A.B. asks: 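My questions will all concern the structure given below.
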Amino acid sequence: MKKINPVISIILIIILAIAGYMFLRRNDEPKKSTFFAFDTIINLTVAGEDAQAVLDECEREIYRLDKLFNVHSPQSEISFLNENAAQSPVKVSQELYGLIKRSVEYSKDTHGAFDITIKPLVDLWDVKSGKNIVPSQSDIEANLKKVSYNDILLYPEWEIGFSSADTKIDLGAVAKGYATDRLCEIIKNSSCHWALLDLGGNIYCVGDREFSIGIQDPKGERGEYFRVIKVKNTSVVTGGGYERGFEKDGRYYHHIISPYDGYPADSGLESVTVKGTSSEMCDAFSTAVFVHGKDLAKELSAKNKDISFIIMDKNGNAEEIK
Ligand code: AMP
Ligand code: MG
């Protein structure tokens, strides 16, 4: 048998090694996906061999959850509950039941600052519509009476009722957090090495990699940060009135409503960032602290060792609360 020239063998081995390395690298390139759901822009970046398949699964999961939690869609499960639960208890999915049950707990933990029965006031202010109308004091008072998480009745066997005909639920302050946690589970159960999940301010850094996350300057342009933090296997949720609102007669009105007085919350804060392993809890607590103020951040971080806050007040002072 003819012997292969050793020089050619070495060259062949080198070529094969380079090709193999390039192939592996190509399969490891992070894959990205951007789409609109949950009323926000969703940016997902996933690295690993099956990244594209995992991204597709994440996208399907988001659309599935949207059908459960989207109050703006008459076909969603939450809309069905809102329409019928005052007449008689409605059997809902275990997922919706679980999210509503935990949301009631978040209300108790936050002295009612976070309250998913806020919907009548959210609809009254209608900040998202762009109509920019400030409701009358009497309309605000009338709708404030309709808001109380105590009117949600949780029965066994996944049944939910409302004790008042006026009760309506809006999951806008917590559903993105729940969805982020679900995507995090998908990534952890896959062969992917890491992922950066960004659901419009609800971020989860997944996997064995440290990320630098910029925290939006509430007074700056989009993408202008007042702080950059390093995190690993952690969710970072930022919220504040600066995200959505309108100006009328020199005053600014935004989308986070205080269940205490029915007006856009004004606790002296500009934005609230929450770090923790449950994106859902971070989401709920960021809304709650924005409504209630700095003292609640201290109380919640003392009770939950896993949670910490970075708050920015109206004078531009940032503070970390652990
Ligand atoms: P977030 O962006 O997470 O702070 O949530 C804000 C959204 O949650 C609003 O657009 C409303 O749909 C809803 N919301 C407003 N105020 C409250 C509140 N005090 N408690 C619970 N949900 C609220
Ligand atoms: Mg929230």
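Numbering of residues begins at 1 and proceeds along the displayed sequence. From a predicted model like this one, the values you see are computed outputs, not experimental measurements. Heavy-atom basis, side chains included; hydrogens, waters and symmetry copies ignored. Just so you know, ligand 1 is whichever comes first in the structure, and atom 1 is the first atom listed for that ligand.
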A.B. asks: Would Gly239 count as a contact residue for ligand 1, given that I'm defining contact as a non-hydrogen atom of the residue lying under 4.0 Å from a ligand atom?
C.D. replies: no
A.B. asks: I need the nearest protein heavy-atom contact for atom 23 (C) of ligand 1: residue, atom name and distance, please.
C.D. replies: Ile118 CG2, 3.6 Å
A.B. asks: Around the Mg ion (ligand 2), how many protein N, O or S atoms are there at under 2.8 Å?
C.D. replies: 4
A.B. asks: How long is the straight-line distance from CD1 of Ile169 back to CG of Asp115, given to the nearest 0.5 Å?
C.D. replies: 9.0 Å
A.B. asks: Is there a polar contact, in the sense of an N or O pair closer than 3.5 Å, between Ile256 and ligand 1?
C.D. replies: no
A.B. asks: Identify, for atom 10 (O) of ligand 1, the protein heavy atom at the shortest distance, and state residue, atom and that distance.
C.D. replies: His255 CD2, 3.3 Å
A.B. asks: Kindly confirm or rule out an N or O of Ala113 lying under 3.5 angstrom from an N or O of ligand 1.
C.D. replies: yes
A.B. asks: Between CG of Leu65 and OH of Tyr63, what distance do you get to the nearest 0.5 Å?
C.D. replies: 12.0 Å
A.B. asks: Can you tell me how far CD of Glu95 sits from CZ of Phe69, rounded to the nearest 0.5 angstrom?
C.D. replies: 5.5 Å
A.B. asks: Are any of the side-chain nitrogens in Lys146 or Asp123 under 4.0 Å away from the carboxylate oxygens of its partner?
C.D. replies: no
A.B. asks: Suppose we measure from atom 16 (N) of ligand 1 to each protein heavy atom; which comes out shortest, and what is that distance?
C.D. replies: Ile257 N, 3.0 Å
A.B. asks: With hydrophobic residues grouped by side-chain heavy-atom distances under 4.5 Å, do Ile256 and Leu124 end up in a single group?
C.D. replies: no
A.B. asks: Quick one: do Glu77 and Ser93 satisfy side chain to side chain donor-acceptor pair (under 3.5 Å)? Show the steps, please.
C.D. replies: CA-CA 8 Å; Glu77 193 179 19; Ser93 64; 2.8 Å; yes
A.B. asks: Considering distance alone, does some N or O of Asp115 sit under 3.5 Å from an N or O of ligand 1?
C.D. replies: yes
A.B. asks: In this structure, which one of Ile187, Leu44, Ile186 forms a side-chain contact (heavy atoms from CB on, under 4.5 Å) with Leu55?
C.D. replies: Leu44
A.B. asks: Give me the residue, atom name and distance of the protein heavy atom closest to atom 22 (N) of ligand 1.
C.D. replies: Ala173 CB, 3.3 Å
A.B. asks: Run the numbers for me: atoms of ligand 1, each under 4.0 Å from some heavy atom of Pro259, listed by number.
C.D. replies: 19 (N)
A.B. asks: Any nitrogen or oxygen of Thr287 lying under 3.5 Å from a nitrogen or oxygen in ligand 1? Just yes or no.
C.D. replies: yes
A.B. asks: So which bit of Ser286 gets within less than 4.0 Å of ligand 1, heavy atoms only: side chain, backbone, both or neither?
C.D. replies: neither
A.B. asks: Do Ser76 and Lys67 get their side chains close enough for a donor-acceptor pair, meaning under 3.5 Å?
C.D. replies: no
A.B. asks: Is Lys248 atom NZ crowded by more than 12 heavy atoms from other residues, nucleotides or ligands, each under 6.0 Å away?
C.D. replies: yes
A.B. asks: Do me a favour and list the nearest non-hydrogen protein atom to atom 11 (C) of ligand 1 with residue, atom name and distance?
C.D. replies: Asp170 OD2, 3.7 Å
A.B. asks: Does NZ in Lys101 sit with more than 12 non-hydrogen atoms of other residues, nucleotides or ligands closer than 6.0 Å?
C.D. replies: no
A.B. asks: Check whether Phe211 forms a cation-pi arrangement with Arg209 (NZ or CZ under 6.0 Å from the six-membered ring centre, at most 45° off the ring normal).
C.D. replies: yes
A.B. asks: How many angstroms lie between atom NE2 of His292 and atom OG of Ser267, to the nearest 0.5 angstrom?
C.D. replies: 9.0 Å
A.B. asks: Show the atoms of ligand 1 that are less than 4.0 angstrom away from any heavy atom in Asp283.
C.D. replies: 3 (O)
